[in-house]
Amino acid sequence: MSKKKSVFENPVVLTLLSILVGFIVGALFLALMGYDPIMVYTTMISGAVSKPRFLAYSVVYATPLIFVGLSVAFSFRTGVFNIGAEGQFVVGSMAACLVGIFVDAPPLIHVTLCFLAAAAAGAIWGIIVAVMKVKWGINEVLSMIMFNWIAFYLSNYLVTVPAIHSDGTAEATKNVADSARILLPEGMRAGLAPSSNYGIVLALIFVVIVYLVIEKTTLGYELKAVGFNKNAAEYGGISVNKAVFTAMAISGALGGLGGAVHLLGMGERISLFAGQEGFGFEGISVALIGASNPVGVFFSGLFYGALKYGGSKLNLVGAPSEIIKVITGTIVFFIAISHVFKVLGKKKEGK
């Protein structure tokens with residue numbers, strides 16, 4: 001007779017429990033530093049959702065994270081650890097920037113071309129790593145880390161090119177054309193964030209697309225089979241090498257789209273980097289919090305975006321915004337060791 005599964009085996013329960021623990025640990029750190037955790041958390045939550053403008057900013061912050069989270073989650077489901085989403089994000093933003101500056105086209109066409117260029121750039125960045133893995137057996141994690149830095153310095157070089165450099169004194173590229181922006185109409189932005197854009201709609205569309213690809217198509221079945229067991233998948237007639245290429249191309253394209261959404265919706269131009277922006281690494285956290293499920297990634301991206309924007313208001317009470325990293329780091333840590341909770345749950349039921 002089958003027994004009912006423990007609540008600890010439910011990924012939603014595990015995620016909510018990890019979030020709770022994350023906030024508790026953050027509160028302990030705040031208390032040790034002499035801050036009132038309740039006041040700090042109240043300020044953070046109020047700063048993220050208490051007004052329509054704050055809520056709009058939280059969504060704007062979340063949108064590129066959802067795309068990068070989808071990128072990482074897709075690769076996780078297919079057995080590839082995509083730590084290169086940062087580089088894919090950067091090359092995607094570069095491609096969108098070049099098309100946004102040099103192409104003259106009607107708005108809808110211009111935006112479409114920017115997104116296609118970004119997706120192609122991200123996909124190529126992922127495929128290069130796949131070639132190195134399949135042809136020469138180079139570990140994808142190491143090569144992705146190197147490619148993140150290549151993208152970083154390539155972006156900084158792009159900023160210095162005279163034809164692209166800003167006409168002013170800023171160490172940045174020129175602004176993309178207005179026809180390439182994805183901002184909401186000015187009337188709709190009244191009372192909201194000035195950078196409110198259609199990105200969240202695009203993110204929702206791609207959440208649905210990625211879900212359908214993974215769960216409802218033959219391609220998704222083959223990719224997941226490779227992720228579960230490469231040897232068994234190959235024995236069943238599935239080409240593992242082809243699956244790696246496909247997974248890295250799609251994952252890279254999603255990361256590139258994240259860069260385009262950030263640029264066309266919020267950034268408007270690429271500035272000289274002092275250090276890696278971290279969108280790719282935050283995307284890993286979003287994917288883990290969302291249990292590598294496209295729907296989960298959507299909500300975890302919104303959660304992470306609200307934390308980021310709400311955390312920017314902590315200077316109002318003199319609290320360090322770094323507490324957000326403590327909270328998210330703790331959440332990811334407990335999700336990563338979630339099997340411990342599963343074991344405890346099984347012991348509780350006498351299994």
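Numbering of residues begins at 1 and proceeds along the displayed sequence. Hydrogens, waters and symmetry mates play no part in the numbers below; they use all other heavy atoms, side chains included.
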TODO: Could you give me the CA-CA distance, side-chain angles and deciding distance for Glu277 and Val90, then say whether side-chain contact (heavy atoms from CB on, under 4.5 Å) is met?
DONE: CA-CA 9 Å; Glu277 290 191 297; Val90 171; 5.6 Å; no
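- A side chain to side chain contact (heavy atoms under 4.5 Å, CB included) with Thr246 is found for exactly one of Thr78, Asn241, Leu223, namely Leu223.
- Enclosure of atom CZ in Phe102 by more than 12 non-hydrogen atoms of other residues, nucleotides or ligands within 6.0 angstrom is indicated.
- For the side-chain hydrogen bond (donor to acceptor under 3.5 Å, both in side chains) test, no residue two or more places apart in sequence or in another chain qualifies with Ser75.
- In this structure, the salt bridge (Lys or Arg N to Asp or Glu O under 4.0 Å) partners of Glu215, at least two apart in sequence or on a different chain, are Arg77, Lys224.
- In this view, Ser46 and Ser50 satisfy the side-chain hydrogen bond (donor to acceptor under 3.5 Å, both in side chains) rule, not counting sequence neighbours.
- The number of heavy-atom neighbours closer than 6.0 Å to CZ of Phe281, taken from other residues, nucleotides and ligands shown, is above 12.
- Think of Leu183 as one node in a network of Ile, Leu, Val, Met, Phe, Trp and Tyr side chains linked at under 4.5 Å; it has no links at all.
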Donor-acceptor contacts, no H, no angles, side chain residues 149-165, under 3.5 Å, sequence neighbours left out:
residue : atom : partner : partner atom : Å
Asn156  : OD1  : Phe273  : N            : 2.7
Asn156  : ND2  : Phe273  : O            : 3.2
Thr160  : OG1  : Tyr157  : O            : 2.6

Donor-acceptor contacts, no H, no angles, side chain residues 111-122, under 3.5 Å, sequence neighbours left out:
residue : atom : partner : partner atom : Å
Thr112  : OG1  : Leu108  : O            : 2.7

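- Partners of Phe81 according to the ring pair (Phe, Tyr, Trp, His ring centres under 6.0 Å) rule, which considers only residues two or more places apart in sequence or in another chain, are Phe76.
- Atom-to-atom distance recorded for Leu272:CG and Thr173:OG1 is 11.0 Å, nearest 0.5 angstrom.
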Please tabulate, for the side chains in residues 284-295, all donor-acceptor contacts under 3.5 angstrom to protein atoms that are two or more places apart in sequence or on a different chain.
residue : atom : partner : partner atom : Å
Asn293  : OD1  : Val295  : N            : 2.9
Asn293  : OD1  : Gly296  : N            : 3.3

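- Residues satisfying the ring pair (Phe, Tyr, Trp, His ring centres under 6.0 Å) test with Phe299, not counting sequence neighbours, are none.
- Applying the under-4.5 Å side-chain rule to Ile, Leu, Val, Met, Phe, Trp and Tyr, the cluster around Ile45 extends to Val49, Leu55.
- Legend: residues meeting side-chain hydrogen bond (donor to acceptor under 3.5 Å, both in side chains) with Arg181, ordered by chain and number and at least two apart, are Glu268.
- The ring pair (Phe, Tyr, Trp, His ring centres under 6.0 Å) check on Tyr61 picks up Tyr309, with sequence neighbours excluded.
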